[in-house]
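Structure record follows, encoded as structure tokens.
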Amino acid sequence: MAKPTMMFGAALVAALLGSACKKEEAATSEPQPPPQAQPQAQAQPQGQAQPETKPEAPPPAPASPVLGKPAPDFTLEALDGSKVSLASFKGKVVVLEWFNPGCPYVQKSHTKGSLIDTARKHTDAGVVWLAINSGAAGKQGHDPAENTAAVKDWSLGHPVLRDVTGEIGKAYGATNTPNMFVIDAAGTVVYAGAIDNSPDGERGAPTGGTLVNYIDAALADLAAGRPVATPLTKPYGCGVKYAS
Amino acid sequence: MRRQVRVLIGAALAASLAGACKRSPSQDGGGGEHAEGAAVKGARVPLDPLPSGAVRVSGKNFHVDAAPAATCATAGGACSVLADLTALSGFKVNKEYPYRFVPDAASQALVEGDAAFAVTGTHTGRLVVPVRRDAPGASRVSGTFKLSVCNADVCQIEDAVLTVAMP
């Protein structure tokens, strides 16, 4: 009689802990690579390297707290001291770019990658483009002078806004630099994720072999009156340097 | 007494499973900053030590040792250049960076297809560049190993220029 009771108890404990384990792994703050990106070094006969198959599908994207919802409003200070409010762009399409000039992925994206000319191309067509730096004081890329230098060096024509408390970054669920959001003319967030599918930041290693600029694609969909076909992707780059 | 034994066994089982549960997330050796979304190439690579005479390229918080695989000296065997990345000073291999090898123009005919990369430890990874054995004038493979290492605060994206003499 004792054995079945024990076995049932053990099974119950194992099931409960197994479930708890899964939840803990999912909730870990460390981003985990997608399954197909998990390399496993395996012993092979000497010299028998087996080149892998390139992943065809983009990595799974985490959920976004704002996608499909009204864009959280904000008023932030630009590098020149002026105040910029999202509400002032009501009726316009707005792109938000999480920014950190000290992040090598941001540097690559603005000098070799998809951020070189994407902003100017779309702002010329009437889209509003705002870069937001949520780096806390003392963290990489926070220094206003460094941001001002980057604006000059990379010939940015749009403002860089300072979110020193990180409140706005967290409201949007911005995790990386760069991390992109597109807000439609009705004020709804219709895209959240990466700038493109080349996680080296320099358009040199697109997943599946063909480069896709997700912002170009989302804005083309909006211009054509279509729903955004790819509304959510997994951003890559540096972690946003929040205070905590 | 019997009930106490049952409780003890149950508690031991629970503690054991909880321990296993806690260990699993940290075993990846991740830690620190990651480049999300990148596709590290899932690869099977030979884990044998590099042959003697490897060339070392040193950079900030990393070095790369590169050499032709031992099989390159054997007729009929597969030939490749092996490049071992070691992250230094508390930095770790960025598991999500799309590591690759960009051959110089002079080496393009020698390199056969894409290089493969595998993380071999928290601080180490190996790049395998497949090399043609029958290319005329094959004497050395040179190009750029594009790599990334991170610590808890920052990531670096680096280019290591490699030149490896072939047997």
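Below, chain A is the first sequence line, B the second, and so on; all start at residue 1. These figures come from a predicted structure and were not determined experimentally.
The pair B:Asp153-A:Lys241 does not count as a salt bridge, with every side-chain nitrogen at least 4.0 angstrom from each carboxylate oxygen.
With values rounded to the nearest 0.5 angstrom, A:Cys103 atom SG is found 12.0 Å from B:Gln156 atom CD.
Taking all atoms of both residues into account, the shortest heavy-atom contact from B:Ile157 to A:Asp200 is CD1-O, 4.1 Å.
The environment of CD in A:Glu167 is sparse: at most 12 heavy-atom neighbours from other residues, nucleotides or ligands sit within 6.0 Å.
Looking at A:Gln107, neither its backbone nor its side chain comes within 4.5 Å of chain B, counting heavy atoms on both sides. Contact annotation for A:Lys139: neither backbone nor side-chain heavy atoms come within less than 4.5 Å of a heavy atom of chain B.
Between A:Tyr105 and B:Cys155, some side-chain heavy-atom pair lies under the 4.5 Å cut-off.
Legend: residues meeting side-chain hydrogen bond (donor to acceptor under 3.5 Å, both in side chains) with A:Tyr191, ordered by chain and number and at least two apart, are A:Thr233.
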